[in-house]
Structure formats: structure tokens, C-alpha cells
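Structure, as C-alpha cells:
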Amino acid sequence: MRFSEFGLTTLKEVPADAEIVSHKLMLRAGLIRRLASGLFTWMPLGLRVLRKVEAVVREEMNRAGALELLMPAVQPAELWQKTGRWDQYGPLLLRMHDRHQREFCFGPTHEEVITDVASRELRSYKQLPVNYYQIQTKFRDEIRPRFGVMRSREFIMKDAYSFDIDHDGLEVSYQKMHAAYSAIFERLGLEFRIVWADSGEIGGSKSQEFHVIADSGEDAIAYCDSSDFASNIETAPTFPGDGKRAAATKELEKIATPGVKTIADLCGLLGIEASQTIKTLIVEGDDGPVALVLRGDHELNAVKAQKLAGVASPLTMADDKTIREATGSAAGSLGPVDMDLPVYIDHAVGQLADFSCGANEEGFHYTGVNFGRDLAEPETVDLRNVVAGDPAPGGEGTLSIARGIEVGHIFQLGTKYSEALGATVQDQDGKDRVMEMGCYGIGITRIVGAAIEQNHDDNGIIWPAPLAPFDVVLVPINMHRSDAVRDAAEALYGELTDAGLEVLFDDRDVRPGVKFADAELIGIPHRLVVSERGLGAGELEYRHRRDEESRNLKREEALKLLKESTIS
RNA sequence: CGGGGCAUGGCGCAGUCUGGUAGCGCAUCUGCUUUGGGAGCAGAGGGUCGGCGGUUCGAAUCCGUCUGCCCCGACCA
């Protein structure tokens, strides 16, 4: 491709709305342009990268025996009503009407449609197992689209769905996808981690996420430094303490704490650590409000809390009025002592002695609170997010926390959808059996952003070879004044292209600095410079995007190196 | 959806408080010079200042209202 014909516009300055580095670089390098909130056009350069991701995903899915098909993006409401998700999905689902006022949605995912397809297509256990996949545009009307392509409303997903006769079969299909996903992210050159996850809205039992490790990631993941345990922080468990609680040394004392509203206020006033305080949160419950009690320095885990008996799901914090009616006090002065509500106490709180908490009276707190004396001995539950240093499951090692970008997710769905939509096959005995399903997603567009988060420097993007929009950028110096340079560059362009390399030939009549800056910004792995100086010595200048320095190579050496390093 | 902020040539911003002929940088176009790390000089084009309504002799500026966008919280590939 000749740069002069490629229509690429790069930016020196970044639009003010870009927050994270991948978003900025994607705009500056001309990969994407924004149309509206959460909607992006993939410009020619960006589309080349997107196609590379798709190609790798497609190859590995095919290798794993999955069958590509393509379902409609627009789906009839009836299917969603049958599975109950028409009502459950809420505003995330983009709904619309056709001219006959029939209801449709723009598919945010395709469990309903694929299960309908499978129920019509699959008759016999002999047709199983089968795994259908597609690469397609989805739409989710996200509450808050952000970070460019990382969390857009319209995005491209590879979604796959497996059908098996029984759970053992599902396990096999699931493990195949586990292996295929690992192969995909390996090939894409990404540093990733597989973590246990909550299956959330989609439903089902077993579920794992594939995270690209990056500080800008929206998810926190907990992993063990001495075992292979890794989990989304949503589901990483905490454990009851060893029961060795310190003995009470202080008397219960009620003290005036005017104006104290937060844990930080309380610690400041009393000169104690947050870990010696507890906080009491009031949430909506099935039969009135419920109190959740955590150590002052810990965070509530919503996924865990909403699974507790009597707690409303999704988790909803009670409003001020409800709190006042239920406790007689305002948030900021709450505590479990003499609290007349169902109370759940976190494991870590059960380990405390001589702690401080609100007195359920505005402007007053207790200090020297102890279980077994001021409060009943607690039955504790797992309520909080793990923190670095917590013990890992299995009893060995401790947890560390990292940030991750979720680029893939695999689920064992079981029969939730096949049951609802009557997707059955006949087994060996001629009896109808509901098929066991798995579903497997990869965020194609998100991968592009995630790859940049992991591979960039101050000058721009550094594409891993399998994602690069071009293999080589060919930079002639002063080509428009030197016939020798022009001829040499044209010849190289032809030769490299004929050898099957994807070459970006920067034939623009601009100063060398501009070409170098653009080449680095858009992140082409190999750079070959043709200059009069080098030609005199029979040499070309080669530099890899990751190299510090360039080196001079004989023409034939350079060609050989390029041809060898880009064989895929 | 709750809380905060922003909206002025393609992009980044100033001007708004204190109403009086819309400005700067980048980008674009023309010419000359320059040519190994985002060139210099000279010139040019491009904005009904987000929409609507109001106050005023006069509104980018004041008031009202609507819309869009961004950031912080609950969702997910």
C-alpha cells in the first residue's frame, strides 16, 4: 500500500474526551473515529488490525472443530420472552418495533437465537457434540460507554455455543474452548490470565474469564503467588478466621462524635486504624432492610451479598429514609449493637476485639465493642472483596491483586436456554433429552484496545506481529529529489510485496521526521529506510519498532531478515 | 439512572465573571526556501460561538429551557 493513496490522517493532538492510552493512540493513529457515544467507525488502518484479530480467532475456532455460521443481528421479542430475558435484561437491551408494531431487539448476545436454531436443526444424539460460532456486531446500550473501543455500545464479538447430550459432554466441549482461547491469546501475543468468574446475567454454573493484564483494566483479579488459583475479585472467596480472637481489654463506652460521618472521620477523631472499626451498610431485602457489617477498611462485594438469603438481588443500597425508619439513625452512625434488623457479619469482623462502631444515634459511636459481651457471638459470612495478602483458597499462599481487561469469557450454561426453548434430541433409547449448552465469547474489538494498552511507548503503538496492519514500513528519504532513492524504493516495494509481505510504502513528499513519527505512531513492526547515503554503501537501514537503534544491512541481508521474520 | 463538568472553524484551546465588529496553536490550500526526527517565511480558505426562547439599542458573554458529550458510581466481550 502506498501511503499517499491510503488516506491515513494522523493527529498530533488528542481529542479531549480520550482518557486511556489505547483510546488516545487509536484516535491519533487514525484507527477509529467516533460517531456518537459508544459508536465508532473503523477506518482503513484500524480495520486491517481488526481483520487480523478475526483471522486468528477464526483459525483457532475452526481448528477446535467449531462451525462458523451467521445469525441475524435483529431478533424477535418472542424468543426473549420465552427465556424470560425480555424483562430481565432491562435497558441494556436496545428494543425496536417493525412497521407492524412487532417487537424486536438488536442482539446483545445470541443464546436465544442459537438455541432456536439448534432445536430445529438437531434431532439425534448422533449429531452431537456441535459447537456453532459467529463473528458479529452486537449492541448493548451500556449505561456508561467509555475508554473508546474497550467499552463501546456497538462492538464485534465472536460468540460460540456448544451443544452436548449430557454434562460430561459439556465438560469436554468447555475444555476444548478453554484450550482454543488460550491458543488464541498466545498467538495474539498478549499477556493474559485465566480467572474464575461469576456467571452473572447469562446464567449457568462454571465460568472462567480471560483477562489481558493492564493497569487500565476495569476488573480487579486476585491470584495466588504459589498456586494456579486466579479469580475475578467478584468471586474470590474469603474465609472465616482461625478463631483466635484477642480477648476484650476495654469496656464498652459510648462517646460523642459530632459531625463524624465516615470511617476516615472516626479514625481521625479517635486516632485509630480503619481496621479497628466496622461499618454497617443497609441494603434492600426481601422482607425489609438488611444490615451488612464489614471491617472499616474493607469493601462490600455486591456479587456475594446479593446471593445471601433475604437480600435483594440485584443489590440495592437502602435510601436515607429507609435507613432512618429502620434504625432511628442516619447512615454514618450505624452499628450492629442492639440493631433490630437481620444482620450479616463478615468473617473478618468476627476476628475483631475492642473495636469501634456507630451507636445508632446520630453523633454517637461506641468504642471497646466486643463480641460475646456487647454483641452475640457472630455467625460470619463472606461479604467483602479480597485484598492483597489474604490467604488463597486451598490453604497455601496469599493473594495478589492485578487489573485486567476481560477479553474472553467461557460459561457452562447447562439447560437454562435449551429447557426454555425446547431444544431436545433423541438419545440412544429414543427418549427426548434436553441438550447441555456452553457459551463462549471473545471481544474482537476490545482486543485491539487491550493489545495497545499492553504494547505501546511514548511514540505510539507497538503492534505484536500477528496484529500489525502492515509487516513493514518502507521509508525513502528525499525520494522526490533523488531518482536513485526512488528507483531503489520502488524496486524494494515490488519485491517485498511479491514475497507476500504487507508493505506500507511511505511515498509522501514530506520531511523524514514526519515519516518516522508516523511510522512509530501507527506501530509497524519493521522499518526499512532507503537513503542516498545508504545506497552509496549498498546498504539499507533496518530497525524493529522495539529496537533502540537502527542498523545498516546489505540489501540482500535485509530482505532475507524481513522475509524470515514475517513468515506466519 | 444519581452526582460533577463541558459545549466557540476538522482537532486542541482563549474570550464568558465585567454585553459593544470572534481570536490563538495545530491541521488544510497557494508560493518561495528547506530536506535524516512532527521545518521557515509570506499569503489564503474555513466558525449563524450546540438548539430554541427571553432580557437588551446591541448577546459567544446575562436568564430560562432542551440536546449532546465527558468524568465518578451500579453492568459486561
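Note that this is a predicted model, so its numbers are computed, not measured. Just so it is clear: chains get the letters A, B, ... in the order the sequence lines come, proteins before strands, and each one is counted from 1.
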For nucleotides [N] and [M], find the distance between their [atom1] atoms and express it as a whole number of Å.
{"N": "rA59(B)", "M": "rG20(B)", "atom1": "C1'", "value": "10 Å"}
{"N": "rA44(B)", "M": "rG37(B)", "atom1": "P", "value": "32 Å"}
{"N": "rG9(B)", "M": "rU48(B)", "atom1": "P", "value": "9 Å"}
{"N": "rG10(B)", "M": "rG45(B)", "atom1": "C1'", "value": "13 Å"}
{"N": "rG51(B)", "M": "rC69(B)", "atom1": "C1'", "value": "15 Å"}
{"N": "rC63(B)", "M": "rA7(B)", "atom1": "P", "value": "14 Å"}
{"N": "rU21(B)", "M": "rC57(B)", "atom1": "C1'", "value": "15 Å"}
{"N": "rC52(B)", "M": "rG46(B)", "atom1": "P", "value": "22 Å"}

Which base, if any, makes a Watson-Crick or G-U wobble pair with [N], both distances under 3.5 Å?
{"N": "rC75(B)", "answer": "none"}
{"N": "rG37(B)", "answer": "none"}
{"N": "rG19(B)", "answer": "none"}
{"N": "rG68(B)", "answer": "rC6(B)"}
{"N": "rG46(B)", "answer": "none"}
{"N": "rC11(B)", "answer": "rG25(B)"}
{"N": "rA60(B)", "answer": "none"}

Among [options], which nucleotide has an atom closest to any side-chain atom of [X]?
{"X": "Pro15(A)", "options": "rC76(B), rC11(B), rC70(B)", "value": "rC11(B)"}
{"X": "Ile143(A)", "options": "rA77(B), rC69(B), rC1(B)", "value": "rC1(B)"}
{"X": "Met157(A)", "options": "rA77(B), rC69(B), rC75(B)", "value": "rA77(B)"}
{"X": "Ala16(A)", "options": "rC13(B), rC70(B), rC75(B)", "value": "rC13(B)"}

Is the backbone of Glu154(A) close enough, under 3.5 Å, to the side chain of Ser152(A) for a donor and an acceptor to pair up by distance?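 Yes, Ser152(A) side chain to Glu154(A) backbone: donor-acceptor pair under 3.5 Å.
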Carboxylate-amine/guanidinium proximity below 4.0 Å for Arg85(A) and Glu112(A):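 Between Glu112(A) and Arg85(A) there is a salt bridge, with a charged N closer than 4.0 Å to a carboxylate O.
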Do Asp507(A) and Arg486(A) sit within salt-bridge range, that is, some charged N less than 4.0 Å from a carboxylate O? no
[X] [atom1] to [N] [atom2], straight-line distance once rounded to whole Å:
{"X": "Glu54(A)", "N": "rA77(B)", "atom1": "CD", "atom2": "C1'", "answer": "14 Å"}
{"X": "Leu281(A)", "N": "rA74(B)", "atom1": "CG", "atom2": "C1'", "answer": "14 Å"}
{"X": "Glu142(A)", "N": "rC1(B)", "atom1": "CD", "atom2": "C1'", "answer": "14 Å"}
{"X": "Gln306(A)", "N": "rA74(B)", "atom1": "CD", "atom2": "P", "answer": "12 Å"}
{"X": "Met150(A)", "N": "rC75(B)", "atom1": "CE", "atom2": "C1'", "answer": "16 Å"}

N or O in side chain of Thr109(A) less than 4.0 angstrom from rA77(B) OP1/OP2: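 For Thr109(A), the contact criterion (side-chain N or O under 4.0 Å from OP1 or OP2 of rA77(B)) is not met.
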When you measure from the centre of the six-membered ring of Phe40(A), is the NZ or CZ of Arg34(A) closer than 6.0 Å and no more than 45° off the axis?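 Checked: cation-pi criterion not met.
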Axial cation check for Trp42(A) ring with Arg48(A), 6.0 Å and 45° limits: no
Can you pull every protein N or O that's under 3.5 Å from an N or O on nucleotides 29-38 of chain B?
from	atom 1	to	atom 2	distance (Å)
rU34(B)	O2	Arg511(A)	NH1	2.9
rU35(B)	O2'	Asn478(A)	OD1	2.5
rU35(B)	O2'	Asn478(A)	ND2	2.3
rU35(B)	O2'	Arg481(A)	NH2	3.0
rU35(B)	O2	Asn478(A)	OD1	3.3
rG36(B)	OP2	Asn478(A)	ND2	3.4
rG36(B)	O6	Ser531(A)	OG	2.2
rG36(B)	N1	Glu541(A)	OE1	2.7
rG36(B)	N2	Glu541(A)	OE1	2.6
rG36(B)	N2	Glu541(A)	OE2	2.7
rG37(B)	O6	Arg527(A)	NH1	3.1
rG37(B)	O6	Arg527(A)	NH2	3.2
rG37(B)	O6	Arg543(A)	NH1	3.3
rG37(B)	N1	Glu520(A)	OE2	2.8
rG37(B)	N2	Glu520(A)	OE1	2.5
rG37(B)	N2	Glu520(A)	OE2	3.3
rG38(B)	O2'	Lys12(A)	NZ	2.6
rG38(B)	O6	Arg28(A)	NH2	2.9
rG38(B)	N1	Asp518(A)	OD1	3.2
rG38(B)	N2	Asp518(A)	OD1	3.0
rG38(B)	N2	Asp518(A)	OD2	3.3

Considering non-hydrogen atoms only, spot the tightest contact between Met96(A) and Cys105(A) and give its length. CE-C, 3.7 Å
With heavy atoms under 4.0 Å as the rule, sort Asp219(A) into base, sugar-phosphate or nothing.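 Contact class for Asp219(A): base.
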Which part of the nucleic acid, if any, lies within reach of Arg144(A) when heavy atoms closer than 4.0 Å are counted: base, sugar-phosphate only, or nothing? base
I want to check something: taking the side chain as every heavy atom from C-beta on, are Ser207(A) and His409(A) in contact at a cut-off of under 4.5 Å? yes
Going by the angle between their ring planes, with limits at 30° and 60°, are Phe6(A) and Phe470(A) parallel, tilted or perpendicular? perpendicular
Between Asn552(A) and Arg533(A), is any side-chain donor less than 3.5 angstrom from a side-chain acceptor? no
Between the base of rC71(B) and the side chain of Asp17(A), is there a donor-acceptor distance below 3.5 Å?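 Flag unset: no donor-acceptor pair detected.
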